[in-house]
Enquirer: 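Mind having a look at this structure? Questions to follow.
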2 protein chains.
Amino acid sequence: MELSPTAYVILGMLGWRPMSGYEVKSIVDKSTRFFWAASYGQIYPELRHLAAAGLIEGKASPQGGRKRNVYRLTPAGRKQLRAWLDTDPEVYELRDEALLKLLFADATGAEAAAATLEAKRRTHEQIVQRLKAIEATGKPEGFAYLVLRYGIEFNQWNAGWCERTRRALEDEAANQRRTA
Amino acid sequence: MELSPTAYVILGMLGWRPMSGYEVKSIVDKSTRFFWAASYGQIYPELRHLAAAGLIEGKASPQGGRKRNVYRLTPAGRKQLRAWLDTDPEVYELRDEALLKLLFADATGAEAAAATLEAKRRTHEQIVQRLKAIEATGKPEGFAYLVLRYGIEFNQWNAGWCERTRRALEDEAANQRRTA
DNA sequence: GGTTGCATGTAAAACGTTACATGATTTT
DNA sequence: AAAATCATGTAACGTTTTACATGCAACC
């Protein structure tokens with residue numbers, strides 16, 4: 001039974017406690033979003049798929065007149081989750097348009113490169129702010145906190161690199177003007 | 001004319017010098033691979049697409065009896081490349097299965113978490129080694145060198161975080177044993 | 001003569017986002 | 001009364017990988 005990593009996002013969260021697809025999505029947006037995004041277009045079909053495979057069980061739990069399906073792990077699902085956790089991680093992918101623009105910046109020059117660096121710095125800075133806001137509203141327990149700290153420190157490092165590199169470019173440009 | 005970022009990988013490389021699809025792929029594997037991968041399944045169709053759009057021009061340049069198509073930027077293609085370089089980067093995506101496993105590690109415990117951290121550390125360490133090997137065989141010029149340095153420092157930071165965190169987990173476990 | 005590298009391409013499958021559609025409930 | 005939030009889902013589209021298919025040339 002080969003599952004996609006996104007299926008394990010669902011399995012992992014249902015391992016914390018039973019929840020609806022809507023809840024899975026809102027927790028994804030507060031936790032995995034910065035290193036593993038997932039949309040409704042993936043979550044709802046995947047819930048059905050996992051239920052059909054017997055790894056989770058759905059139960060209609062309407063809140064008033066508002067329909068709602070709460071899913072929970074089956075013993076088979078928990079076993080599958082543990083087996084996945086016990087194997088080495090495989091997927092590691094990065095897509096960073098800013099680095100692409102930096103790589104080709106010879107075609108436009110140092111000013112465009114500085115603008116790209118500044119935009120990338122802002123992106124990382126914004127993520128730091130959002131993650132710190134999450135940390136402030138009640139820090140998560142256990143390993144979730146470790147991952148949150150990673151997110152903050154990782155993005156701070158990135159923002160710092162952009163800042164240092166932009167300054168180095170500016171100093172270089174200033175030196176060239178002085179020497180010329 | 002909306003192009004995918006992968007199309008700009010091609011445009012950017014043809015901005016350096018004319019080359020074949022095969023060459024584009026081999027340079028991708030030596031440069032953008034760690035932040036923007038591209039396969040033959042994308043490159044060859046995209047070359048045709050860009051040629052049809054008048055942004056690049058292909059010319060049959062066989063080497064002996066071996067067929068070969070070399071492409072170069074048209075003035076319209078260079079204009080398009082510069083316009084893209086002058087706009088702020090948008091795509092920034094990360095997919096890291098290791099962080100996912102770490103997030104859910106409560107279900108298995110500290111040992112599995114340590115193994116995940118160690119696997120992630122190895123991944124980053126290997127990338128550092130490959131990038132350093134590229135640096136040793138003739139460092140690239142201009143902005144390409146900046147991007148290479150980013151790759152090395154970024155992966156070193158990541159490997160370091162994994163190492164520090166794994167040690168912190170071990171110390172914590174040791175303290176608990178002592179207190180218990 | 002075999003392996004590696006150069007060279008081009010396609011087809012199917014997997015993966016993922018976006019936009020759309022619908023409707024109830026809670027908060028302002 | 002309007003806006004935000006809860007809640008579920010689908011369809012179309014775009015992107016990307018993987019596997020397959022082919023063949024020449026250079027080196028060992």
Side-chain angles (χ1 to χ4, degrees), chain A residues 1-10 13 18-30 32-53 56 58-71 90-97 100, chain B residues 1-10 13 18-30 32-53 56 58-71 90-97 100:
Chain A
M1 221 172 337
E2 277 284 307
L3 297 177
S4 66
T6 300
Y8 289 105
V9 174
I10 294 173
M13 289 191 178
M19 58 180 96
S20 67
Y22 185 84
E23 266 186 288
V24 168
K25 167 67 172 155
S26 69
I27 294 178
V28 159
D29 286 343
K30 279 177 208 140
T32 71
R33 184 194 189 177
F34 302 108
F35 57 89
W36 207 286
S39 60
Y40 287 124
Q42 282 173 278
I43 291 167
Y44 286 114
E46 195 65 56
L47 283 168
R48 295 200 161 186
H49 175 224
L50 290 170
I56 64 175
K59 195 177 128 194
S61 315
Q63 295 271 298
R66 189 195 273 162
K67 72 174 172 180
R68 185 158 166 269
N69 287 301
V70 171
Y71 293 86
E90 279 171 19
V91 183
Y92 176 73
E93 277 159 38
L94 184 62
R95 299 236 138 195
D96 190 339
E97 201 182 356
L100 218 48
Chain B
M1 220 171 338
E2 277 285 307
L3 296 178
S4 67
T6 300
Y8 288 105
V9 174
I10 295 172
M13 289 192 178
M19 58 181 96
S20 68
Y22 185 84
E23 266 187 287
V24 167
K25 168 67 172 155
S26 70
I27 294 178
V28 159
D29 286 343
K30 278 178 209 140
T32 72
R33 184 193 189 177
F34 302 107
F35 56 90
W36 206 286
S39 59
Y40 287 125
Q42 283 173 279
I43 291 167
Y44 286 114
E46 194 65 58
L47 283 168
R48 294 198 163 187
H49 176 224
L50 290 171
I56 65 175
K59 194 176 126 194
S61 315
Q63 295 271 298
R66 190 196 275 162
K67 72 175 170 179
R68 184 157 165 270
N69 287 301
V70 170
Y71 294 86
E90 280 171 19
V91 182
Y92 176 74
E93 278 159 38
L94 186 60
R95 298 235 141 199
D96 190 340
E97 201 183 355
L100 219 47

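Letters go in sequence order (proteins before strands), and every chain restarts at 1.
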Enquirer: Listed by chain and number, what are the ring pair (Phe, Tyr, Trp, His ring centres under 6.0 Å) partners of A:Tyr40, not counting sequence neighbours?
Expert: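 Ring pair (Phe, Tyr, Trp, His ring centres under 6.0 Å) list for A:Tyr40, sorted by chain: A:Tyr44.
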Enquirer: Ignoring hydrogens and angles, tell me if any N or O in the side chain of B:Glu97 forms a donor-acceptor pair with the backbone of A:Glu90 under 3.5 Å.
Expert: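 Judged by distance alone, yes, a pair lies under 3.5 Å.
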Enquirer: Give the rounded distance in Å between these two atoms: CD of B:Glu90 and P of D:dG14.
Expert: 17 Å
Enquirer: Please report the distance, rounded to the nearest Å, between CG in A:Asp29 and P in D:dC6.
Expert: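 Going from A:Asp29 (CG) to D:dC6 (P), I get 12 Å.
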Enquirer: Rounding to a whole Å, what distance do you find between B:Ile10:CD1 and D:dT16:C1'?
Expert: 13 Å
Enquirer: Provide, to the nearest angstrom, the distance between the CD atom belonging to B:Glu2 and the P atom belonging to C:dT18.
Expert: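 Result: 14 Å.
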Enquirer: For A:Glu23, check salt bridge (charged side-chain N to carboxylate O under 4.0 Å, His left out) against everything at least two apart and list the hits.
Expert: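 With sequence neighbours excluded, A:Glu23 shows a salt bridge (charged side-chain N to carboxylate O under 4.0 Å, His left out) to A:Arg17, A:Arg68, given in chain and number order.
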Enquirer: For nucleotides 2-17 of chain C, read 5' to 3', which letter fits each nucleotide if B means a protein heavy atom sits under 4.0 Å from the base, S means only the sugar-phosphate is that close, and - means neither?
Expert: ---BBBBBB-----SB
Enquirer: Mind grabbing the angle between the end helix axes of the helix from C:dG1-D:dC28 to C:dT28-D:dA1? Five pairs an end, 10° rounding.
Expert: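 The angle, to the nearest 10 degrees, is 40°.
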Enquirer: Go through the structure and list residues passing side chain to side chain donor-acceptor pair (under 3.5 Å) with B:Ser20, not counting sequence neighbours.
Expert: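 Partners of B:Ser20 by the side chain to side chain donor-acceptor pair (under 3.5 Å) criterion come out as none, since no residue qualifies.
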Enquirer: What is the distance, to the nearest angstrom, from the CD1 atom on A:Ile27 to the P atom on D:dA7?
Expert: 11 Å
Enquirer: Could you tell me which residues satisfy ring pair (Phe, Tyr, Trp, His ring centres under 6.0 Å) with A:Phe35, sequence neighbours excluded, listed by chain and number?
Expert: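 Testing A:Phe35 for ring pair (Phe, Tyr, Trp, His ring centres under 6.0 Å), a comparison that skips the adjacent residues, returns none.
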Enquirer: Kindly write out the residues that satisfy side-chain contact (heavy atoms from CB on, under 4.5 Å) with B:Ala38, not counting sequence neighbours, or none if the list is empty.
Expert: B:Thr6, B:Val28, B:Gln42, B:Ile43
Enquirer: Whole angstroms only, please: what is the OH-C1' distance between B:Tyr8 and D:dT15?
Expert: 16 Å
Enquirer: With sequence neighbours excluded, what pairs up with B:Tyr92 under the side chain to side chain donor-acceptor pair (under 3.5 Å) test?
Expert: none
Enquirer: Could you work out, with ring pair (Phe, Tyr, Trp, His ring centres under 6.0 Å) as the rule, every residue matching A:Tyr8, not counting sequence neighbours?
Expert: A:Trp84
